[in-house]
Structures are given as structure tokens and as C-alpha cells.
Amino acid sequence: MDKFFEKGDLMDKKKKAILAVVSVIVLLVVLGIVWYLVVNNTNGSSNNQTKNSEVSKLYETLQANNVFSFELSLDEENTMYYAKSNDMAYIDTVFNGKETKYLVRDGNTYLLVEDTKTYYTYSNNSLELNKVTKQLGELKELEYETGRERINNESYSYEEYFGATDFAMGDFKEESEDVKTRFYFDGEELAYIKTIEGDKEELLKVNISYDVDQNLFKIPSDYGEA
């Protein structure tokens, strides 16, 4: 009889050991599932954040309108005016006081020389047609940091992206992790763009309009082909 009870006790101990092992395995599986869900949810939130950024919203708005102007201004000697109307674009840049004008239409790009009233044709070239939306599109899927900053006594929220220099007028290192660009918003309206590299900063005033003069997309009648 004593041997029977000893055998029974031994079997109970084995069952308890097996249950303990199974419990540990189940616990590890549950913890693994929880960890996966937490990590996956975190990654999903990060992706949603990039897609819901103000830069992303601006990109979608400009894409949807397809008729707009986008103006950047550092000072009177350094400005960039870009206007788009469907498959046409007009670009007027002033860099250190020197002005250059381009017109994109019919799949070609035209350099307009105001001094001589002439234009040069670059056939089958429309690289600058989607200049602004292309630059914004490259940012809209990237992660960014947010903050607030006062500019000219006004407080703006900003989104800061690393390694972006496309909107800068000055000389900054391209694709460098030391370079960052801040997009300042007043509500949903883009107000400023600042490019930062170490102690060097460039602040550009932004003006966006959806009322564009369609005459900009025509070669002036008094211009002749060079």
C-alpha cells in the first residue's frame, strides 16, 4: 500500500512539473503576442503620424488643386516664384540680384531672357514641371519632430525633417544628417521654411496662392526664339 501511495505521489509530482512547464510556455507565448502587438501598434502610429503631417496635408492639397503659386523670399535679392497650372509651370528666381525665368509647357522648357526679349527652347524637357510637389512628396513619408518657435513675435508650430535641403537658397550640404529643415505652420497654412546646419540658418517667408495669372504660361508675344 505504501508503495502505491509513493507511486501516486510520484505521478502527481510529474503532472505538476508538466503543468508548470506548460504554464511557462503559455506565458511566454502570451508575452510574445503582447510584445508583437505593442511593437506593431507603435510602428503603425509612427506611419500614421507621417501620413497625417501638415507637410503631407499640404502636398495633398496642392496635388488636388493642381493650379497654385508657391513663393519663397529671403530678401529682395533672393526670391523664388513658382506657379503651376495643370501641365504648365512658370519659374522666376532671383539669386543674388540676378533674375532667371523659365516656362514649362507642351513637354518643353523655355528660358526667357528679358534683356534681349528672346527665348531658348529645351525640347522634351519638363523636369521642373512638378518642382514643388515633388520636393514635398519626398518628405511626406519621412519621420519628423515637432515643436513651437516664435518668429517676428508670432508663435508657430513646426515640423522638422533631417537631411532635407531642397527648399534652401543658400549653400547647404545635401543629404547630410547635420542639416535639418523646419516647416512653420499657422494653422494649416505654411508660413516659413528654415534650413539649419550647425550655426548656419536660412529663414524663407512662404506665400501660397490658388489664384494664378494664366498669362504667365504664355511666351510673351514680343519675344523671339534665339
Side-chain angles (χ1 to χ4, degrees), residues 39 42-63 68-84 89-102 104 109 111 127-209:
V39 171
T42 300
N43 290 337
S45 298
S46 177
N47 290 335
N48 288 335
Q49 183 184 27
T50 59
K51 292 180 180 178
N52 292 326
S53 70
E54 293 301 330
V55 166
S56 179
K57 291 177 185 177
L58 176 59
Y59 168 82
E60 298 295 343
T61 298
L62 296 182
Q63 282 283 79
F68 64 89
S69 66
F70 190 99
E71 186 175 10
L72 299 175
S73 177
L74 178 63
D75 50 42
E76 292 183 356
E77 298 290 303
N78 296 276
T79 62
M80 191 280 290
Y81 178 84
Y82 167 90
K84 187 174 188 294
Y90 171 81
I91 306 166
D92 184 347
T93 61
V94 179
F95 182 67
N96 291 333
K98 183 178 180 181
E99 186 174 27
T100 305
K101 296 181 181 180
Y102 287 99
V104 182
T109 295
L111 170 62
L127 293 176
E128 297 296 287
L129 177 61
N130 299 303
K131 177 181 175 67
V132 171
T133 50
K134 180 177 181 296
Q135 293 170 341
L136 291 173
E138 292 174 351
L139 294 172
K140 70 185 185 73
E141 298 297 336
L142 299 180
E143 294 184 358
Y144 60 91
E145 296 182 359
T146 60
R148 294 195 69 87
E149 185 177 334
R150 295 189 69 83
I151 299 176
N152 296 328
N153 295 321
E154 295 289 339
S155 180
Y156 298 91
S157 61
Y158 68 75
E159 295 176 356
E160 182 177 272
Y161 296 80
F162 289 86
T165 61
D166 287 340
F167 290 93
M169 291 187 177
D171 185 20
F172 291 88
K173 295 177 182 177
E174 295 183 6
E175 307 301 327
S176 171
E177 293 184 357
D178 296 330
V179 178
K180 51 191 177 183
T181 299
R182 291 179 181 175
F183 295 81
Y184 296 85
F185 289 88
D186 182 6
E188 295 184 354
E189 184 176 333
L190 181 61
Y192 293 93
I193 297 177
K194 179 189 285 187
T195 305
I196 305 167
E197 182 184 1
D199 295 332
K200 180 180 179 181
E201 295 184 355
E202 177 190 86
L203 181 65
L204 302 176
K205 181 75 176 73
V206 181
N207 182 53
I208 298 175
S209 174

Legend entry - Point-to-point distance, once rounded to the nearest 0.5 Å, from NZ of Lys140 to OG1 of Thr133: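 Lys140 NZ to Thr133 OG1: 11.0 Å, rounded to 0.5 Å.
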Legend entry - Stepwise salt bridge (Lys or Arg N to Asp or Glu O under 4.0 Å) check, Lys57 with Glu54: CA-CA 5 Å; Lys57 291 177 185 177; Glu54 293 301 330; 3.5 Å; yes
Inset, instruction - Say whether Arg150 and Ser155, considering side chains only, have a donor N or O and an acceptor N or O under 3.5 Å apart. - result: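 Their side chains do not contain a donor-acceptor pair, so the 3.5 Å distance test is not met.
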So does [Y] get a backbone contact from the side chain of [X], meaning a donor-acceptor N/O pair under 3.5 Å?
| X | Y | answer |
| --- | --- | --- |
| Ser56 | Asn52 | no |
| Lys200 | Asp171 | yes |
| Asn78 | Asn96 | yes |
| Glu159 | Val55 | yes |
| Thr165 | Ala168 | no |
| Asp186 | Glu189 | no |
| Glu201 | Ile196 | no |

Inset, instruction - Indicate, with yes or no, if the rings of Phe70 and Tyr82 have centres closer together than 6.0 Å. - result: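 Between Tyr82 and Phe70, which both carry aromatic rings, the centre distance is not below 6.0 Å.
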Inset, instruction - Measure from NZ or CZ of Lys194 to the centre of the six-membered ring of Tyr184 and say whether it is under 6.0 Å with the direction within 45° of the ring axis. - result: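 No, Lys194 and Tyr184 do not form such a contact.
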Legend entry - By salt bridge (Lys or Arg N to Asp or Glu O under 4.0 Å) - contacts of Glu60 (at least two apart):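 None.
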Inset, instruction - Using the side-chain contact (heavy atoms from CB on, under 4.5 Å) rule, pick out the option among Tyr161, Tyr156, Tyr158, Tyr144 that qualifies with Phe183. - result: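 Looking at Tyr161, Tyr156, Tyr158, Tyr144, the match for Phe183 under the side-chain contact (heavy atoms from CB on, under 4.5 Å) is Tyr161.
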Legend entry - NZ/NE/NH1/NH2 to OD/OE distance under 4.0 Å, Lys205 and Glu71: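 Salt bridge absent between Lys205 and Glu71.
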Inset, instruction - Evaluate the criterion side chain to side chain donor-acceptor pair (under 3.5 Å) for residue pair Asn207 and Tyr81; output intermediate values, then yes/no. - result: CA-CA 9 Å; Asn207 182 53; Tyr81 178 84; over 6 Å; no
